[in-house]
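Here is the structure we will look at, set down as structure tokens.
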Amino acid sequence: YLLKTHVQPESVLYVSNQNTARILPAFADRLEYSKEGKQIVITLHNLQENDSDNYVCAEEVKHVKSTRLLSASGTMLLVKENSQQAFSDSSWVIYFLLVVVALLFCALVCCTLYRVNIKKYFQDPPPNVVYEDMSYSSRRNTLVRT
């Protein structure tokens, strides 16, 4: 037997010597067990808060005149609310806000560069050119004649 003993006493699992089992309907899709000889391994899945209780494994001993259960001290199981979902929801909000801030920063940089006209800083400066007319007609007037 696997028994809940304190909050709501009831038999969660019964496995006979012939390997027939009775599982409490509330645990039907959340309990797995395996049996080798006299040893049984029990696994509970998807625990809920109302599953909190003291769980005891017991063995039924039949005497000529009576039947009684022999058990150990058991295991106290305390199930708390799952806060992982709330954490993952808040982490999505944080990621979303970070993306929005990054996009706004990029937009601010682009607007600033557009207003400053950054193009003029990357162009080659106009060359310093002095134009001198070296044609023949202009030199002729400057020559000294003897």
Side-chain angles (χ1 to χ4, degrees), residues 1-139 142:
Y1 287 95
L2 176 64
L3 306 170
K4 288 173 71 171
T5 60
H6 283 96
V7 178
Q8 185 179 356
E10 57 191 339
S11 175
V12 175
L13 171 68
Y14 169 76
V15 179
S16 70
N17 288 337
Q18 291 81 25
N19 272 347
T20 58
R22 284 191 321 252
I23 299 175
L24 186 68
F27 286 90
D29 57 344
R30 303 185 299 130
L31 183 142
E32 295 177 6
Y33 76 94
S34 63
K35 181 178 178 185
E36 288 187 30
K38 290 192 172 201
Q39 186 176 17
I40 296 178
V41 175
I42 302 168
T43 306
L44 300 173
H45 299 281
N46 300 326
L47 295 173
Q48 302 161 359
E49 285 187 58
N50 60 355
D51 292 334
S52 296
D53 207 326
N54 190 45
Y55 288 80
V56 175
C57 289
E59 182 178 7
E60 188 176 49
V61 178
K62 294 184 181 184
H63 290 287
V64 177
K65 295 182 180 179
S66 67
T67 301
R68 64 181 200 183
L69 293 177
L70 298 177
S71 65
S73 61
T75 301
M76 184 65 180
L77 181 66
L78 178 62
V79 181
K80 293 186 175 184
E81 180 181 350
N82 186 0
S83 62
Q84 184 177 3
Q85 181 65 30
F87 174 74
S88 66
D89 288 346
S90 66
S91 66
W92 281 108
V93 170
I94 291 171
Y95 291 135
F96 177 75
L97 289 176
L98 286 173
V99 167
V100 168
V101 167
L103 289 174
L104 288 174
F105 180 74
C106 289
L108 177 68
V109 168
C110 288
C111 287
T112 303
L113 293 177
Y114 178 74
R115 297 288 278 169
V116 170
N117 193 6
I118 198 75
K119 195 175 179 184
K120 68 181 177 185
Y121 293 108
F122 291 103
Q123 288 179 345
D124 289 334
N128 280 335
V129 177
V130 175
Y131 180 73
E132 221 178 295
D133 188 8
M134 300 296 288
S135 65
Y136 177 75
S137 62
S138 64
R139 282 189 312 175
T142 58

(message) Measuring from atom OG1 of Thr43 to atom CZ of Arg30, what distance do you get when rounded to the nearest 0.5 angstrom?
(response) 13.5 Å
(request) Mark yes or no for whether Lys35, through its side chain, and Ser16, through its backbone, hold a donor-acceptor pair below 3.5 Å. (result) yes
(request) Kindly indicate, with the supporting measurements, whether the criterion side-chain contact (heavy atoms from CB on, under 4.5 Å) is fulfilled by Asp51 and Leu44. (result) CA-CA 10 Å; Asp51 292 334; Leu44 300 173; over 6 Å; no
(message) If I compare all heavy atoms of Glu49 with all of Lys80, which pair ends up nearest, and what's the gap?
(response) CG-C, 4.2 Å
(request) For the pair Val93 and Leu97, evaluate side-chain contact (heavy atoms from CB on, under 4.5 Å) and give the outcome as yes or no after the intermediate values. (result) CA-CA 6 Å; Val93 170; Leu97 289 176; 4.2 Å; yes
(request) Check the angle between the aromatic planes of Phe27 and Tyr55 and answer parallel, tilted or perpendicular using the 30° and 60° thresholds. (result) perpendicular
(request) Identify which one of Leu13, Leu2, Asp29 satisfies the side chain to side chain contact (heavy atoms under 4.5 Å, CB included) criterion when paired with Ile23. (result) Leu13
(request) Can you measure from SG (Cys57) to CD1 (Ile40) and round to the nearest 0.5 angstrom? (result) 7.5 Å
(request) Mind checking the CE-OG spacing from Met76 to Ser52? Nearest 0.5 Å is all I need. (result) 7.0 Å
(message) To the nearest 0.5 Å, what is the distance between CG on Leu108 and OG1 on Thr112?
(response) 4.5 Å
(message) If I take atom CG from residue Asp53 and atom CD from residue Glu10, how far apart are they, to the nearest 0.5 angstrom?
(response) 8.0 Å
